[in-house]
Structure formats: C-alpha cells, structure tokens
Amino acid sequence: MSQFGGPGGALVSGRAYDHRMYVEGIGVNEQREWIIRNSKGRKFVYDSAAEAFGELDEYGPGATVLTRRISRGMFRKKPIEDWQVVESF
C-alpha cells in the first residue's frame, strides 16, 4: 500500500510515487475511434457513431462501420482492442 491510500505506489528517487496519479496527470484517456471501410478497403475516420452511420450510405454497398477502444495520450494513441464491426446505431 502506498502513502496515497492504495496499491500501486513505488519509491522513485527517495519519494513515494503513485502510477495512477502520473497517468491521469499527463492527460491519458480512453475513448472510441470510428471508421467506415468501403468495399475497396479504404478507411475514412469519424468522430462519433452518429456521424459515421449518417455518412454510411454515401460509400455504397459493402461499406461497414468499425470501432475500437483506444488509449490516447499527449503525442500518441494505443489500441486497447481490435476493430469490431458495428451493425447498427
């Protein structure tokens, strides 16, 4: 148990350090990423499910909406799970 009230603390340079406080402090958050993949395999990125499904008809037959969870930090993003097909909104 760390001095911050839970497990996960470590001693770094002679002072207590809690990993959870560091991760939250640099602005890492978890969110969803949305894309449309057309029949040729080309991908188009969208901000939300509503926006992706609203544009789906413009890409013709065979186009699908995909989503995945990502962890986004200040300078990079890391996928938490693989792409999954979404049938409806």
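The analysis underlying the following values was restricted to heavy atoms, covering all of them including side chains, and did not include hydrogens, waters or symmetry mates.
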Answer whether the closest heavy-atom distance between the side chains of Phe44 and Ile35 falls below 4.5 Å. no

Which atom names give the shortest non-hydrogen contact between Pro61 and Ser39, and what distance separates them? O-CB, 3.8 Å

State the NZ-CH2 distance between Lys43 and Trp83, to the nearest 0.5 angstrom. 6.5 Å

Should we say atom CZ of Arg42 is surrounded by more than 12 heavy atoms from elsewhere, each under 6.0 Å from it? no

Could you tell me if the side chain of Arg72 sits less than 4.5 Å from the side chain of Asn29, heavy atoms only? yes

Contact summary for Ala63 and Ile36, nearest pair of heavy atoms: CB-CG2, 4.2 Å

Donor-acceptor check, side chain of Ser71 to backbone of Lys78, threshold 3.5 angstrom: yes or no? no

Given side chains that start at C-beta, do those of Arg68 and Ile80 come closer than 4.5 Å, heavy atoms only? no

Going by heavy atoms in the side chains, are Glu81 and Arg32 under 4.5 Å from each other? yes

Are any of the side-chain heavy atoms of Gln84 and Leu66 separated by less than 4.5 Å? no

Rounded at 0.5 Å granularity, tell me how far CG in Leu56 sits from CD in Glu51. 12.5 Å

Taking side chain as C-beta onward, heavy atoms only, is Gln31 less than 4.5 Å from Lys77? no

Does a side-chain heavy-atom distance below 4.5 Å link Trp34 with Val86? yes

